[in-house]
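Encoded as structure tokens, the structure appears first; notes follow it.
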Amino acid sequence: MHNRKRCNYSSFSLIAALGIVLAAVGAVGQNKDRPWMNPRLSPSERVELVLKELTLDEKLALLHGNGMAHVPNWQMPLTHLANGGAGYVEGVKRLGIPPLIISDAAYGIRDSGANGRYSTALPSVLGAASSWDVESACEYGETIGRELRAQGFDMTLGGGVNLAREPRNGRTFEYAGEDPLLAGTFVGNLMRCEQAQHVIGDLKHYAINDQETGRSFVDAVISKKAMQESDLLAFHIAISIGNPGAVMCSYNRINGDYACENSYTLRDVLKKEWGFKGFVISDWDGAHSTEKASRAGMDQEQPMAGHFGPKLKEAVEAGKVPMSEIDDHARRVLYAEFLAGIVDDPPEKGVVDVEKGLEVAQRMEEKSIVLLKNNEAVLPIAPSRTRSIAVIGGHADVGMISGGGSAQVDPPGGNAIMAPGKGATHWQDHIWFPTSPLKALREKLPSTKIEFDSGADLKAAASLAASSDLAIVFAHQWQAEDVDLPGLSLPDNQDALIEQVAAANPRTIVVLETGTAVTMPWLDKVAGVVEAWYAGSAGHKALANVLVGDTNPSGKLAITFPKSEKDLPHPTIPAVPYHQQGRDAQIPNYTVRYDEGSKVGYKWYETEHKQPLFAFGFGLSYTSYAYSGLSVDSSAKTVRFTVKNTGKRAGTEIAEVYVRLPKGADESFKRLAGWKRVMLAAGESQTVTVSIDERVLQTFDEAKNCWSLASGEYGVFVGGASDNTPLSGGLQIR
Ligand code: BGC
């Protein structure tokens, strides 16, 4: 899966590289009538054995959905078999091939409310990626996989790995930030461990689906070089780590062709160049044709059968779609089934392990929280100096907000800020979990007087703040699929609330519950800022631990926070009337030109000499760290350095390694090349080695359609944030 065509290298045979030997070694004996049921054979061997038994109709049935539960327009005769999920694909019962029972599951399992079940909400993916922790990513995926199976699903639609090229994108919280190595590594590990639970893994939305405005018709225009070095690189890294059974093609067009009929991204890159052997599943109603989509490499239409149902059969019978294409589509679906283990171990419904889910959600959030500002050590809260606290705004007396759309996880008991009985969730509802930070803080600080003000009346809020030793304002920004943010300011007059409270009490801390970056016109006036993201099912407990210092924060931003929208590559997203945003709408020539190319996030700010509010990779701790002694081993492509905890308490530092291409390479920004989480007791030093992933050193040669590694001296920069790299050295490539 590490395939990448190198310039001046002869391309090698995929078959040889993957070592697939179709001899059915060891297959004799058991399963005489069904030799594909022998688990000692490889998934590919098993697929070939079963594929030749299938009739045309059985093959075709693998290539389309059968409707979607709870969506009136998307009902088909077999929709009731979808287990309340997003999709259902018939298996081949007579041969022991199970159906696909598919659920959305970005930060937990969707539609639990409507299905009368419970699911854990993990912190948003962007939040979790701020841990830069592959082991936590694994736990995240494992938790979702386990709960999917307990609820009777065998395929997930999680795995969002689009880059945060446009931070106003309504789905930023579902993705893992702006850097291809960090996002690809985090989501790849998440999916590796999710699929290991025996559910088919999926990565989405392939590709360049980087805004929601006009998502079903927008044409994303971008050079091949730029997409290979940015968005596609994130997918490639995630695929090489996670080896998912499926990749979802997105709604948008890429350079003219819809992503679900784009032969460059699907056939040439994903399948040929990267050797992806799973299947391409369309986004829901993202298929647009029969012959063109089939030829380009879309393998399965969802959730209906408008193009890959009867029309596909007709096209085969008329000789317009060759049998070899049908075989290839079916082979890929079957491959995913054997690969993920759902043939040998179909899901069995059971009781979701709520306690375990909550434990993981809390641990994950504790590593995700990013401390952005902490003047005069206002945090952690010292009970001896703090007799009274004003908790203001954000429904903090009741709970914390979550991200919406198809990612939405339903809170136990329904929306915490709605009247009882109005618990059902809708696509665009703002949903609060019953995770009250006020209650969690009161539990942690039993002898401190902690009072709450809703923030609705600015004067009342300011007066409570003025009479308290400390004020904590909870601010939120809601995000969801299908709608981009109008800007990065906090909505609902919250900036004014923060200004007023900070004017009344300089010891004001702002806790942000946001899906993406926000601007902070009040930053100079507050003492502390804590980014808690969408904090999940145990977010309040994790947050309280950080606020009182039982947990030392260690998260670092996976996305740049700009000073203003004016600093973004695209100051505005050209508007589309909301009623024309839906899947059926089409506005011709609605185009977004990603002229910034691969300069996504911090790469853009560095090239443009724009100083962000908070840089990619930034995050404070209750202790401090010092870096020293960089040495670079050019032949091994490793860097070694020492990190010392120079403060008074234990902590975990995320040490970041960046590279800059040699002078002649016509590229002025740094690229993240690796990192290490280093756990250090107070005063402790550790020397660590970080390997540089060669894929981030290479550049894509569009004319020759291959990758090259320029020779020369690469700059190496090491430190605690993309804009704070005290160590520098050189890496020689000859
Ligand atoms: C979203 C996908 C989701 C699908 C099924 C679409 O609207 O873009 O991410 O998996 O619906 O719910």
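Whatever order the structure lists ligands and atoms in, that order sets their numbers, starting from 1. Computed from a prediction, not measured in an experiment: that's the story for all the values here. We're numbering straight along the sequence, starting at 1.
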Inset, instruction - Pull out every atom of ligand 1 sitting under 4.0 Å from any heavy atom of Glu481, numbered as shown with elements. - result: 1 (C), 6 (C), 7 (O), 8 (O)
Inset, instruction - Pick one of side chain, backbone, both or neither for how Arg215 approaches ligand 1, counting any non-hydrogen atom pair under 4.0 Å. - result: side chain
Legend entry - Enumerated ligand 1 atoms positioned under 4.0 Å from heavy atoms of Met248: 10 (O)
Legend entry - Proximal atoms of ligand 1 relative to Met68 (non-hydrogen, under 4.0 Å): 12 (O)
Inset, instruction - List the steps, then state whether side-chain contact (heavy atoms from CB on, under 4.5 Å) holds for Val409 with Ser402. - result: CA-CA 8 Å; Val409 177; Ser402 59; over 6 Å; no
Inset, instruction - Would you kindly specify which portion of Glu174 sits under 4.0 Å from ligand 1, judged on non-hydrogen atoms: side chain, backbone, both or neither? - result: neither
Legend entry - Those atoms of ligand 1 less than 4.0 Å from some heavy atom in Asp283: 1 (C), 2 (C), 3 (C), 4 (C), 6 (C), 8 (O), 11 (O)
Legend entry - Thr514-Glu531 side chain donor-acceptor pair, cut-off 3.5 Å: yes
Inset, instruction - Over all heavy atoms of both residues, which pair between Leu100 and Phe279 is shortest? Give the atoms and the distance, please. - result: CD1-CZ, 3.9 Å
Inset, instruction - Using a strict cut-off of 4.0 Å, indicate which atoms of ligand 1 neighbour a heavy atom of Ser406. - result: 1 (C), 2 (C), 3 (C), 9 (O), 12 (O)
Legend entry - Thr172 OG1 to Leu485 CG distance, which is reported to the nearest 0.5 Å: 7.0 Å
Inset, instruction - State whether the shortest distance between N or O atoms of Trp284 and N or O atoms of ligand 1 falls below 3.5 angstrom. - result: no
Legend entry - Salt bridge flag under 4.0 Å for residues Glu596 and Arg165: yes
Inset, instruction - Give a yes/no on ligand 1: does Arg110 have at least one heavy atom closer than 4.0 angstrom to it? - result: yes
Inset, instruction - Would you please name every residue forming a side-chain hydrogen bond (donor to acceptor under 3.5 Å, both in side chains) with Ser112, sequence neighbours left out? - result: Ser119
Legend entry - Spacing of Asp353 atom CG and Tyr118 atom OH [to the nearest 0.5 Å]: 10.0 Å
Inset, instruction - Check Lys204 against ligand 1 and report side chain, backbone, both or neither, counting heavy atoms closer than 4.0 Å. - result: side chain
